[in-house]
Amino acid sequence: MTIPFDYETLRIIWWALLGVLLIGFALTDGFDLGTAALLPWIARTDEERRMVINTIGATWEGNQVWFILGGGAIFAAWPFVYAVSFSGFYLAMFLVLAALILRPVGFKYRSKKPDAKWRSRWDWALFVGGFVPALVFGVAVGNVLAGAPFRLDSDLRSFYEGTLLGLFTPFTLITGLLSVAMLVLHGAGWLSLKAEGVVHDRARAWGQIAAIAAIVLFLIGGAFVAYGDMGYRLAAVADPNGPSNPHLTGAVHAAGAWLDNYGAHPWMLIAPALGLLGPAIALFGIRSGRDMIVFTGSSLATVGIIATVGLSMFPFILPSSIDPASSLTAWNASSSQGTLFIMLLVTVIFLPIVLVYTAWAYRVMFGRVTDEQVRMNPDFY
């Protein structure tokens, strides 16, 4: 079979597609997580909490597909990355999955009994299912930027030398809180469109706090990246069409190296600009009473913040803090050229179908959740 793309092009395409899938997850399931994290603070009565829950009740299951697609893409397109990250971050992954398991159980069981204590417990379970993944995902991104404590031996077996508590450092806690602020803002933007009354007003109030926090934390995190002791760069010119063998692509630790790409490609500055401009747009929308602008701003913030990480690190995907020569990049950690091409064909066929169906589903179910619907609809959670 003749492959019309060279290996370098396919690797760049799949690096970009991985970013698209992660951003898609953050844009869709992100507002589910943010809404759940806001639940105890913006809804004080049972009716108000049911309104909040049902703003995401019709879509949360479908939104999780992006999470599954992202994990599947890492497994198929970047097997080295999958093997090292999922085994090394095993306990953190387990913590996220345990929290996410609470969500479907909370949705399904929360209103099965009219008992106030029963419902309150499940409301807090939904909060945990939203807050914990948002925090841990951000902490994980911080550890990727700082470098993960793994090494590869001569047989390419990975050895992870970190601990669960070791994942939480001042910098990674900042990235974790930034992730929470970003997704809480997105959840507030969603509730601005979907809720009414006091829930709508409280969501906007929390959205202001989250927008300001996102801007401040993004700037602090940027200062850590620019002036802290983190960053990696290739030790020599890598062959983008070479075999997938991390030992053939040397890397070194270099403080401030995550800013190199912006000097070489100034157009990449669009990403951090969106990371700052998005929360500002959302804040403007909140204060001017324009709900669609709030959600647009929170979406732009999500795209900008996540894209900033990916563009800063390229071509690195998972650098090693204890053995930089073991770092995984777009040039040394991918599947074969044939595998990437077959996967691309499948993606070109099915991804548009997923996008069209998702857009149609959101259009059908668009509209505010009202007090009357909560009281009268027997299918509501």
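Note that the structure is predicted; figures quoted are calculated from it, not measured.
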| Which is it for Phe89 and Val96 under the side-chain contact (heavy atoms from CB on, under 4.5 Å) test, yes or no, and what are the steps along the way? | CA-CA 11 Å; Phe89 297 153; Val96 168; over 6 Å; no
| query | Hey, mind stepping through Gln208 and Arg287 against side-chain hydrogen bond (donor to acceptor under 3.5 Å, both in side chains) and telling me if it holds? | reply | CA-CA 8 Å; Gln208 291 189 71; Arg287 294 183 175 178; 3.2 Å; yes
| Check against side-chain hydrogen bond (donor to acceptor under 3.5 Å, both in side chains), Asn332 and His247 | CA-CA 8 Å; Asn332 69 16; His247 288 319; over 6 Å; no
| message | What verdict does the side-chain contact (heavy atoms from CB on, under 4.5 Å) test give for Glu161 and Phe150, after you've listed the backbone C-alpha separation in whole Å, the side-chain angles of each residue and the deciding distance to 0.1 Å? | response | CA-CA 6 Å; Glu161 299 182 8; Phe150 74 93; over 6 Å; no
| message | Pair Thr35, Asp32 - check side-chain hydrogen bond (donor to acceptor under 3.5 Å, both in side chains), show working. | response | CA-CA 5 Å; Thr35 297; Asp32 293 339; 5.7 Å; no
| message | Working note: Trp331 + Phe316, criterion ring pair (Phe, Tyr, Trp, His ring centres under 6.0 Å); need CA distance, chi angles, decisive distance, verdict. | response | CA-CA 9 Å; Trp331 312 138; Phe316 287 89; over 10 Å; no
| request: Would you sort out whether Thr329 and Thr249 count as a side-chain hydrogen bond (donor to acceptor under 3.5 Å, both in side chains), showing the intermediate values? | output: CA-CA 8 Å; Thr329 73; Thr249 307; 5.0 Å; no
| request: Walk me through it: do Arg11 and Asp6 pass the test salt bridge (Lys or Arg N to Asp or Glu O under 4.0 Å)? | output: CA-CA 9 Å; Arg11 282 166 162 166; Asp6 61 23; over 6 Å; no
| field | Check against side-chain contact (heavy atoms from CB on, under 4.5 Å), Leu191 and Thr55 | value | CA-CA 7 Å; Leu191 288 168; Thr55 61; 3.5 Å; yes
| From CA spacing to verdict: side-chain contact (heavy atoms from CB on, under 4.5 Å), Arg119, Arg49 | CA-CA 10 Å; Arg119 294 188 172 187; Arg49 290 173 180 169; over 6 Å; no
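A distance of 11.0 Å separates CH2 in Trp360 from OG1 in Thr358, rounded to the nearest 0.5 Å. Annotation: the span from Leu328 atom CG to Ser334 atom OG amounts to 11.0 Å, rounded to 0.5 Å. Note: Lys194 NZ to Met365 CE = 8.0 Å, rounded to the nearest 0.5 Å. Summarising the geometry, atom CG belonging to Leu145 is positioned 7.0 Å from atom OG belonging to Ser312; distances are rounded to the nearest 0.5 Å. Here CG of Leu311 is found 10.0 Å from NE2 of His265. Values are rounded to the nearest 0.5 Å. Rounded to the nearest 0.5 angstrom, Ser244 OG and Phe80 CZ are separated by 6.5 Å.
Contact between Gly166 and Asn143 at its shortest, heavy atoms only, is O-OD1, 4.4 Å. Taking both residues in full, the closest heavy atoms of Trp60 and Asp29 are given as O-OD1, 4.0 Å, listed atom of the first, atom of the second, then distance. Across Pro319 and Met313, no two heavy atoms sit closer than the pair CD-CE, 3.6 Å. The heavy-atom pair separating Tyr7 from Ser336 by the smallest distance is OH-CA, 3.4 Å. Between Leu344 and Trp14 the shortest heavy-atom distance is N-CZ2, 3.7 Å. Among all heavy-atom pairs drawn from Ala146 and Ser321, the shortest one is O-CB, 4.2 Å.
In this structure the side chain of His253 reaches within 4.5 angstrom of the side chain of Asp229, judged on heavy atoms.
Side chain of Arg151 to main chain of Phe159: no donor-acceptor pair is present (N/O by atom type, distance under 3.5 Å, no hydrogens or angles). Listed for the Asp153 side chain is a donor-acceptor partner under 3.5 Å among the backbone atoms of Asp155. The backbone N or O of Gly57 lies less than 3.5 Å from no partner atom in the side chain of Asn54, so there is not a single donor-acceptor pair. Checking side-chain atoms of Ser299 against main-chain N and O of Phe295 turns up a donor-acceptor pair under 3.5 Å. Side-chain N or O atoms of Gln373 include one that pairs as donor or acceptor with a backbone N or O of Thr370 at under 3.5 Å. Remark: side-chain polar atoms of Asp291 are not paired, donor with acceptor, to backbone N or O of Leu193 under 3.5 angstrom. Using modelled atom types, one side-chain atom of Ser326 and one backbone atom of Leu152 make a donor-acceptor pair closer than 3.5 Å. Asp371 places no side-chain N or O within 3.5 Å of a backbone atom of Gly197 that could act as its donor or acceptor partner. For the pair Ser120 (side chain) and Ala116 (backbone), a donor-acceptor distance under 3.5 Å is absent. Between the side chain of Tyr232 and the main chain of Leu318, no donor-acceptor pair closer than 3.5 Å is present.
Between Asp123 and the choices Arg103, Arg110, Arg50, the salt bridge (charged side-chain N to carboxylate O under 4.0 Å, His left out) rule is met once, by Arg110.
Atom CZ of Arg368 has more than 12 neighbouring heavy atoms from other residues, nucleotides or ligands inside a 6.0 Å radius. The 12-atom threshold is not exceeded at CZ of Phe350, counting heavy atoms of other residues, nucleotides or ligands nearer than 6.0 Å. Within a 6.0 Å sphere centred on OH of Tyr109, other residues, nucleotides and ligands contribute 12 heavy atoms or fewer.
For an aromatic pair to be called close, the ring centres must be under 6.0 Å apart, and Phe224 with Phe171 satisfies this. Between Trp66 and Phe25, the ring center distance fails the sub-6.0 Å criterion. Proximity of the aromatic rings of Trp41 and Trp124 is defined here by a centroid distance below 6.0 angstrom, and this criterion is met. Checked against a 6.0 Å centroid threshold, the rings of Phe137 and Phe67 count as neighbours. In summary, the aromatic rings of Phe107 and Trp122 are positioned with their centroids too far apart to meet the 6.0 Å limit. Aromatic pair Tyr362/Phe366: ring centres not closer than 6.0 Å.
A donor-acceptor pair shorter than 3.5 Å cannot be found between the side chains of Ser320 and Ser327.
Partners of Asn261 under the side chain to side chain donor-acceptor pair (under 3.5 Å) rule, at least two apart in sequence or in another chain, do not exist in this structure.
Residues Phe86 and Leu22 are members of one and the same hydrophobic cluster, defined by side-chain heavy-atom contacts under 4.5 angstrom among Ile, Leu, Val, Met, Phe, Trp and Tyr. Both Phe5 and Val348 belong to a common hydrophobic cluster when Ile, Leu, Val, Met, Phe, Trp and Tyr are linked at side-chain heavy-atom distances under 4.5 angstrom. Under a hydrophobic-cluster definition in which Ile, Leu, Val, Met, Phe, Trp and Tyr are linked whenever side-chain heavy atoms come within less than 4.5 Å, directly or via other members, Leu219 and Leu300 are assigned to different clusters.
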N/O donor to acceptor pairs below 3.5 angstrom from side-chain atoms of residues 268-280, sequence neighbours left out:
none

Run the side-chain donor-acceptor check on residues 173-187: report pairs under 3.5 Å with partners two or more places apart or on a different chain.
from: Thr175; atom 1: OG1; to: Gly138; atom 2: O; distance (Å): 2.9
from: Thr175; atom 1: OG1; to: Thr172; atom 2: O; distance (Å): 2.7
from: Ser179; atom 1: OG; to: Ala134; atom 2: O; distance (Å): 2.6
from: His186; atom 1: ND1; to: Ser298; atom 2: OG; distance (Å): 2.8
from: His186; atom 1: NE2; to: Leu27; atom 2: O; distance (Å): 2.8

